[in-house]
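A short write-up of the structure that comes next.
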Amino acid sequence: MRTGIAAEFADEATLLAAIHRVRDHGLTRLETYGPVPSEAIDLALGKERSSLSVAAGIGGLCGAAGAYALQWFLVAYLYPIDLGGRPPHMPLPYLIITIEMGFLFGAIAVFVAFLVACRLVRLWDPINDVPGFESATRDHFWLAIDGDDPALDRLGDALDDAARVAPFGGAA
Amino acid sequence: MKGDLHSLVPRVEVTRRAALKLLATGVAALETGCFERPGDREIVPYVQEPPELRPGVTTRYTGVLSLDGFGYGVIVDTHDGRPTKLDGNPAHPATLGGSLPWLQARILDLYDPQRSREPTMLGQPASWAAIAAQLRALPRGPLWIVMPPQTSPTIAALLARIAARHDLRVVTHAPLARTAVYRGHELVYGRPLEQQLDLARADVVVALDADLLGTGPMAAAWSRAFASRRKPEGGPRSMNRLWVAEPMQTPTGTLADERLPIAAGEIAALATLIAAEVGVALPASLGQTAQARLGERAASWARHVAADLVAHRGASAIIAGDRQPPVVHALARMIDHALGNPVVMTTPAVLDPLPTHGLDELASAANPGAVLVLDCDPLYTAPHLHLAGVLARSTFSLHAGLYANATTAACRGHIPLAHDLETWTDPRALDGTLAIGQPTIRPRFEVASIIDVLAELAGVTLDARTLVHDQLRGQAALDVFDTAWTTALRTGVVAGSAFRAETITPTWRSPATDALAALLAPPPANTVEVALAPSPALHDGRFAPNAWLQELPHPITKQTWGNAALMSRATASALGVSNEDLVRVRGPVGEAVLPALIVEGADDHAVTIELGHGQHGPAIAAGIGTDVYGLGDAMILRATVSKAGGTRVVPRTQIYMAEHGREIAPLVTLAAYQRDPKLAAHLRGDQASLLPQGGDRFKGVQWGMTIDTSICSGCSACMVACQAENNVPTVGPEDVAKGRAMHWIRIDRYIEEERVVNEPMLCQHCENAPCEYVCPVNATDHSPDGLNEQVYNRCVGTRFCANNCPYKVRRFNWFAYEHEDSRSLQYNPDVTVRSRGVMEKCTYCVQRIRGAEHRAIVDHRAIQPGEVVTACQAACPTGAIQFGMLDEHDTAFATMRASRRRFEALHDLGTRPRTQYLVKVTNPKEGA
Amino acid sequence: MSEKLRDLHDDVFGRMRARGGRQWRIAFGVCGLFTLLLVGSLSWTIYKGIGVWGTNMPAAWAFAIINFVWWIGIGHAGTFISAILYLLEQNSWRNPISRLTETMTIFAVVQAGLFPIFHLGRPWFAYWLFPYPDIMGVWPNVKSALPWDAAAVSTYFTVSVLFWFTGLLPDLASLRDHAPTRRQRILYGLLAMGWRGDARSWRHYKVTYLMLASIAAPLVISVHSVVSSDFAIGLTPGWHTTLQPPYFVAGAIFSGFAMVIVLAIPVRFFYRLEHVITDRVLENCAKLMLITGCIVAYGYMMEHFGAYYTGDADERSLMFGFHPTSIAFWMMISCNVLAPQVLWLRRARRSKVVLLIVSLLVLLGMWLERYVIVVQGLLRDQLPSAWGNYMPTIVDLGILAGTLGFFGLLFLAFLRFMPFIPVSELKEEAVLE
Amino acid sequence: MRCSPNPVALFTPTASAVYRGVVIGAVVAVGAALCAPMIYIRTGYASGEGDPVEQPIEFDHRHHVRDDGIDCVYCHSTVETEAYAGIPSTERCMGCHGQVWPDSPETAPLRASWETHTPIRWKRINALPDYVYFHHGVHVQAGVACASCHGDVRNMARVSKAHDLSMKFCLDCHRSTQDSRAITHLTTCTTCHR
């Protein structure tokens, strides 16, 4: 079970400072929590931009290709019914549903990927047990240091100007 | 074919009916692709297989229908013992294979749940046996029989035998009887005679207030003969000329080359003038009075007619309408005589052409004794005589009718009358030809035919079949006669039974002069002419219970479910009324209030109202339209018409009758067509298209239809035929008014000024059909033989196809219209009965096409030209509708398809319709 | 800074939490009644057949399709605001109303979605429009515009819901952590699916939101273009024109903004949110309404010019003749073309009363536009013999009123139980300032 | 030091797991609900394939066809020419059974039918919906064997449905007679639907 130390900060600035100190001390397994997204924090944590857009792209392409193939298979191959002399395989009308399905599957793909990547559909996390953690969705910022961080013992005073420091997930 | 069907109990019908029911209730489960489980249905085979009946195979019998005594030979299609469809019998002189709306619709009466179902006596259920006993036991003494004109020799014989037992007084009563014709002929020939027209020989036809192609005992046959002379492509004499003078436009009027709107009361004057012009020896004074009475237009019209007649001596025909007074008919014959036309006069087919007893006699009879009213409704058709009184005074009174009507209530007894297809009859056609009517189904309840009733009165114990058989047999030896009898039944006519022509010439006598002088006297001031007319659908009202006929759009006004005061635009504005405003008509006897309807081409001095509406029952006829029998006891009345205030909806299937600048129904004169035969070229042929055209899309047999608008009179027989063949429902006045009529074929009528075109409009079976590609579920698509297919069981009812059909021939089942009562017995088992929520439309009678294909496969042969005949084509009396294979040769269809008059409706849309039309060509007289 | 966030959080959540009280309950009750009317009318239709509507031949489509197009159109402004304005970085005036309008979109599409199904002659076979493996071996016809509709509308609906739900997550999380009662917190917790606001999630969130926005943006354009092809692929005069798609899209956004204003003004009044949904927000909506209105006017012009220029007899008589629908046409012109012109005046754009009136007129006008488009062409088709008239029945009106009620019902419920102002987005803005 | 669990913690780890299960389960369930009917309709249970139905007379095709070698057409007399194959009339049965088994209990109902002139009400095994028009004659003429739709009736004690007779079943056969899937007179709608 995941364990670690959680520290609450009044605002983003103090959090950023703390992150820098903690990282100077060689700690790497960090995660922050806050009411708003912040590129500064990502920068401090040294994280790259998310690559979920790929999911959208793949999903979209698969959806579109599948839709066109299905239309051709059903309408032009399986039962090529004569409708007012229109040729069985008629790309122009096929394209409309193709495009729509591209959008649909792109959207669904990126959303599912989002749920997975964020490890959502998960109501409880050890850190939820930290008293006062709710402030993370209101106004405060939290820094969580993973319990199995090899450099945990070198933490020292890094978290001194935290509003509060608490361990989570059983023993620390 | 064997005649007597009584041994054949249609057992398979059980499963058929169950099947139809099952479908009619639209079992969704079936359609979603669920299955019927084994054992859900039964198979009920015969105990003994009837010799001539095979399950699911159409068997045809000959039959005869009677109307006002005259016989109309028909072919009866039966499915598993159920008659489902009627068509004219090509061998019978009155139809020559053609149909009239009522003829097609009679099949529905057979299964009509409104029919009276049991004999009653004094309001109590009785049995035919009991009533028959009473008839046999009638005391000798006065016996009145009121019935329509009869032509049957069997009936004649029976009447003779009755006369021997009783003080018999036969009152021949029919509002539309042709008595005036016989009286007229009596005036000039000395005795009542019938004229036998041969329109095929006439170069000039003059119709004086006569709808000879629309109504009357020979309408179908005459239409065919007339149409045979309307072929612009033929030689110089291939196209006759039709002059029509009439107060209201009729089907005949729509085909007129020269038409004169004129009050029916003025026709006498017109005829007089024509007669004078062609040299009939009349007192000069008459000519002047006529001249004086007619307007300038009418007078000059008459002179043109006369000139044309003289120019075609010996090759013309003058026909006066049945409702015209006798002397006009006398004049017509004198004109014929003066022109040396080959007039064929015969003895009339009706038993007493000049009724010896009138209804009024009966009405005033102090103690009438026994009164029998057979197959008519005098209380409704002659209200001014108040016959209820005399019926009450009678010692015995019986009404025999298909339905319980106004007269039934006034009589003590009532016996359901047998439908023509339920009994044996032997009526004559107008030309005297005998036809033997055989029953094609066992009556579903206790009925008696007129012959049965008369037989009881005559004390004869033989059944109708024996009576008819023996009557025809006469003294002939049985073995000899048998073949004759069988032939008569198989062909539907008794060979050589037509009357011989009399050699007799007309002479003008003084009574005629007096009658004419009286007619030419000026009409009473401040009155307007109200001309009563037969309803093209309901005749004199006897067909009012028939939903098909009630919902049949009027050929001219397109009105359904009711009648109206038909008047010209000028008359209407003079009265200060417009369409659907109520007007009050005060006739010499009674008055009536009904909606006004403006008709282009009506005369400004006459209001026309059709008879047969406003009955008190049965169910669907009740309260539909307005009864005008009470206005007076003549067909042409002087009356006062005034605005009544208020309106009544007139359900019409077509409201806009102008072309609005679109080239939809072209019309040219013969001269113009001969000058420029290519004048339709721009209305047919290919259009530029982005879609691949032709290719190998259409392989093998290709179907198509061509309709000649030159000879379509708009009679609408095709509409009813289609309804009968394809299980097309009726929807009732409210839905018709909403625009929900279901007819698969309709007759579009375009009229601007004098130019009228009847354009039958049905599915055009476009090769590039706009309806097909918009259907999301492939419920309508195209077959390799060029049919636009409609798959009811696949249809979800988006109605996109209807929106996208520029011809607007698609029909939608807004409600569950299908019958579940006895009318479902009439359903054609080869056509799906559509349930609620699906689209339907003309299929080119695909069931007949596929049926023919199957027969061809079974016989290992190809389909023959003319093998497939659509219902509308079969019904069309003029042969305006022709259907066939595009690669046919030397058939009527091929000839029409090859015509240079051929055009495609809405050609510019590039739909490439398979149904195509021929431009209407008229043959007006130069300078007229 | 954290004070700023705290104040924003407490202030906005506090006001949203403010119970609607009696007004809310009354409004909800009224909408409930109309919803029952909808249920009743539709049940009656299913029971008797669509003959109970005014539709006929030639007007085989009428109220149902009109309402469908009208509701879909209204459904456009939502995604337009939340997606297109998001991509154009108009957050300053987009954020305050984005949630309201997305919700409006979803509920409007729900109303629209009813019609294509219930207008069928046999609604129970509606699923035949989708390619499922049946045992008949027959498939939908994708050359017809109706399967395009089915695809476009369902796609638009799904994407809108995903977009909307993604945006909701952080606010649902806030409610989970700060709602007053434990029951509410558990319920919101279930909806929040465990959102914790960790940096990783925020990173993915930003990209996902951007992706959904950039997918939704073209959909806004595509959906009504596809809907317009229901008419554009037809032969019917007045339908058969390439003008339809842009003309329809403009009209849709036009009516959409009208509905946004109609909803935003009372909301900000009853919830005292004038400082969040500021006058500037409304004014910008008004401006967009004015612009799209002008595009629509241009559409009318081109429609008539086209009829004149092509010289097609049917088109001409349709555009320039007098018809049963001509009154509707001139009402439409005055509502859609004349009325919005007052918005050139700043004072008009600033006056809530004027905005409300103009917006209501526009909504009416856009309904009339669809009426004219759908019915007029059908009543005056190529064959004069088939010309007819159309009169809606009480059931038609019941269904239209019913959908309005059902829409209101859903919207009121949303106001009551959901964060209808995207607080987290406001916070983000605040931080950036 | 031990960390005391948050007193106000909303969810426990178990709750979280259950929740996830429910969400995923719901998605799966919806999918299953959509597929179920499509699978069901393809089962013999739905079509009633192979379940013999009790008939008013214990008629055994094996004796008549296999043992006595009577040709199908002898009883189903119109099968080669007409739409309906034709179910033999009581008269036809009596033709033989007047002499053969004249008083066996099996043929008692037959005699009853003959004497009382009331038809035998057989149960229909192979039924098509009413909007489907099937013509036996053309199929026989085209060389389609009875068995290809009705199965091996000659070896059936009680007749049972051999195929589901779905539209797909018909189409497969109609297509097999032509080399392409193109629409022909055999695969266009009005071939069967009118």
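Chain letters run A, B, ... following the sequence lines, proteins first and then strands; every chain starts at 1.
Annotation: the span from B/Asp859 atom CG to D/Thr81 atom OG1 amounts to 9.5 Å, rounded to 0.5 Å. For the atom pair B/Arg41 CZ and D/Asn126 CG, the distance stands at 12.0 Å (nearest 0.5 Å). Rounding to the nearest 0.5 Å gives a distance of 14.5 Å between CZ of B/Arg54 and OH of D/Tyr84. Taking NZ from D/Lys123 and CG from B/Asp40, the interatomic distance works out to 9.5 Å, rounded to the nearest 0.5 Å.
Inspection of the B/Arg850 and D/Thr190 side chains reveals an N or O donor paired with an N or O acceptor under 3.5 Å. Using a 3.5 Å distance cut-off with no hydrogens or angles, the side chains of D/Gln141 and B/His860 do pair a donor with an acceptor.
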Checking side-chain hydrogen bond (donor to acceptor under 3.5 Å, both in side chains) for the pair D/Thr188/B/Glu789: CA distance, chi angles, key distance, verdict? CA-CA 9 Å; D/Thr188 195; B/Glu789 304 174 313; 2.8 Å; yes
Step by step, would you call D/His135 with B/Val858 a side chain to side chain contact (heavy atoms under 4.5 Å, CB included)? CA-CA 10 Å; D/His135 193 289; B/Val858 170; 4.2 Å; yes
Could you go through B/Val47 and D/Ser89, starting from their C-alpha distance and side-chain angles, then the distance that decides it, and tell me whether this counts as side chain to side chain contact (heavy atoms under 4.5 Å, CB included)? CA-CA 5 Å; B/Val47 174; D/Ser89 62; over 6 Å; no
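Of the listed residues (D/Val140, D/Val132, D/Thr184, D/Thr191), the greatest number of heavy-atom pairs within a distance under 4.5 Å of chain B belongs to D/Thr184. For chain B, the option among D/Glu49, D/Glu54, D/Glu91 with the highest count of heavy-atom pairs below 4.5 Å is D/Glu91.
Side chains of B/Gln48 and D/His117 form a contact here, defined as non-hydrogen atoms less than 4.5 Å apart.
In this structure a side-chain-to-backbone donor-acceptor pair under 3.5 Å is missing from B/Tyr46 to D/Pro88. In this structure a side-chain-to-backbone donor-acceptor pair under 3.5 Å is present from B/Thr832 to D/Arg194. Of the possible polar contacts, none joining the D/Tyr131 side chain to the B/Arg794 backbone as a donor-acceptor pair under 3.5 Å is found.
Of the atoms belonging to D/Asp164, heavy atoms from both backbone and side chain fall under 4.5 Å from chain B. With a 4.5 angstrom heavy-atom cutoff, D/His185 touches chain B only via backbone atoms.
Classification of B/Arg37 and D/Asp51 as a salt-bridged pair holds, one side-chain N sitting under 4.0 Å from a carboxylate O.
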